[in-house]
Amino acid sequence: MLDDVVNSPSSIFSDKRKLELDYVPSFLPHREDKIKELGIIFKDILTEGYVRSIRALALGKTGTGKTATTSAFEREFRKIAEERGSKVTMVHINCHKQRTLYLISLEIANRLKLPVPTRGLSSQEIFKIIHDYLDKRNIHLILTLDEFNQFIDSAPQDELYFLARIYDEISATTKRISYIFIVNDTYSLYRLDKSIKDHIVQRIIEFPPYSSHELFDILKARAEEAFVKGAVLDETLKFISDIYGNERGGSGNARAAIETLVVAGEIAEKQGALMVTLEHAKEANSSINPEIPQILDNLMDADLHQLLLIKALIQLVKRGKSEEVQMGVLESEYQKLCSEFGEEPRKHTQVYEHIRRLRQYGVLNTRQSGKGMRGRTTLISFTLPLDQKFEDFVDSKIRGRMTSR
Ligand SMILES: Nc1ncnc2c1ncn2[C@@H]1O[C@H](COP(=O)(O)OP(=O)(O)OP(=O)(O)O)[C@@H](O)[C@H]1O
């Protein structure tokens, strides 16, 4: 153990990349059964002559391992297919990034290295080209659509219809495209028309929030990969997993737990300590997790523009007399803030969508103004008390988003 400590360039971290959010470890504690479930659902695709399109729905709250698990499944399934000589390819798309059917279709073509003209074709036509390509080469595609609720919430009905009922549009003997839809709340699904829902909600794999002991195992495995051997005490991991453990009122979010561990490690490193102790974890927790753990937890993933909207609201509330701010006022403050940060402000509909999302996260309240005000307008306020810690938290997240570009 001393060898490791002395020879490592950092006395704390041995490989910090292993703590990055998009890193998928080779072993996922408490999710191996979900990988198996996916394997059972998709195994028929490996059989020569299989003609059907399979649909699985991964459902669970934020940080419950949906992305990591489906990515691990894709990696393992690809390997098995290769060993068996079956032609299966996987494309994992985040609907938060590829927000329209057109962008999704282009991204699939791009990942398959399929040249398609970027102008002049509709998304439906691009899908047809993709299907022909798969057909000619006898390939099955498993398309994972991550954060699919974003697509449900923003896509026009006809695009949703096309995606879900693709084989009404493309006539094919062998249905080459199967899906994994990833969704973090059922609210969007309930709103779907039955004619679409039945093609999406077929086989559901649930991802429950993690309990404390599950989070402990996740953190332990991750600490072994990313930290110098013995640098993180078990009591440190236990403290963090108890904060987020679902049965103790926490969110059961592994992302937030890992992020707390990273900050604790950084504090320890800055202090020149050889170990990440309970005190470091406590300090990390209070710096990133003040009074309202669940809300801040949700904000861990917030988009830069959601954070800028929050900052704009903070400024207005601090400046103004009222806790509630009109939508239009917030929007123009946000636009000013964007120009200070050199960011292109988002359009009204997207701003609206961000506000809706922040309301879902529990950060904001919205209500329609009563009769007293000219016309009806949306009034927006914070659900949590404004304090310096919260402001600092938002500022640090904005800095983080700006520097990670
Ligand atoms: N069982 C697990 N073992 C190891 N790491 C995990 C596990 N579950 C989640 N993680 C890690 O926690 C973080 C969040 O997980 P992931 O992104 O898969 O969650 P998610 O359910 O897709 O969340 P969201 O709905 O917010 O996208 C990632 O860094 C992931 O590697």
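Remember, it's 1-based here, ligands and their atoms both numbered in the order they're listed. Bear in mind that the values here come from a model prediction, so they are computed numbers and not experimental data.
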Is the gap between the ring centers of Phe148 and Tyr179 under 6.0 Å?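 Aromatic pair excluded; centres sit 6.0 Å or further apart.
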Which of these, His199, His131, Arg52, Lys175, sits in a side-chain hydrogen bond (donor to acceptor under 3.5 Å, both in side chains) with Tyr167?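 Single pass found, and it is His131.
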Which ligand 1 atoms, with their elements, are less than 4.0 angstrom from a heavy-atom of [X]?
X      : result
Ile258 : 11 (C), 12 (O)
Ala68  : 18 (O), 30 (C), 31 (O)
Asn184 : 25 (O)
Arg31  : 1 (N)
Ile218 : 1 (N), 2 (C), 3 (N), 4 (C), 5 (N), 6 (C), 7 (C)
Tyr23  : 31 (O)

Do you see a donor-acceptor pair shorter than 3.5 Å between the side chains of His280 and Glu266?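 The criterion, which ignores hydrogens and geometry beyond distance, is not satisfied for Glu266 and His280.
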Students should be able to answer this: which protein heavy-atom is nearest to [atom], and at what distance?
atom                    : value
atom 14 (C) of ligand 1 : Arg255 CB, 3.6 Å
atom 21 (O) of ligand 1 : Lys66 NZ, 2.7 Å
atom 28 (C) of ligand 1 : Leu21 O, 3.7 Å
atom 31 (O) of ligand 1 : Arg222 NH2, 2.9 Å
atom 26 (O) of ligand 1 : Thr62 OG1, 2.3 Å
atom 10 (N) of ligand 1 : Ala254 CB, 3.8 Å

Can a salt bridge be assigned to the pair [X] and [Y] using a cut-off of 4.0 Å between side-chain N and carboxylate O?
X      : Y      : answer
Glu331 : Lys336 : no
Asp193 : Lys197 : no
Arg99  : Glu353 : no
Glu32  : Lys36  : no
Asp146 : Lys66  : no

Under 6.0 Å from the [atom1] atom of [X], do we count more than 12 heavy atoms belonging to anything else shown?
X      : atom1 : value
Arg191 : CZ    : yes
Tyr190 : OH    : no
Lys18  : NZ    : yes
Glu48  : CD    : no

Counting heavy atoms only, which of Asn149, Thr67, Leu219 comes nearest to atom 22 (O) of ligand 1?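 Shortest heavy-atom distance from atom 22 (O) of ligand 1: Thr67.
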If you take the nearest heavy atom of each of Pro25, Gly65, Gly63, Pro29, which one is closest to atom 1 (N) of ligand 1?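 Looking at heavy atoms only, Pro29 sits closest to atom 1 (N) of ligand 1.
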Contact between [X] and ligand 1, counting heavy atoms under 4.0 Å?
X      : result
His30  : no
Tyr210 : yes
Gly60  : no
Lys61  : yes

At under 4.0 Å between heavy atoms, is it the side chain or the backbone of Thr64 that contacts ligand 1, or both, or neither?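 Within the 4.0 Å criterion, Thr64 contacts ligand 1 through backbone and side-chain atoms alike.
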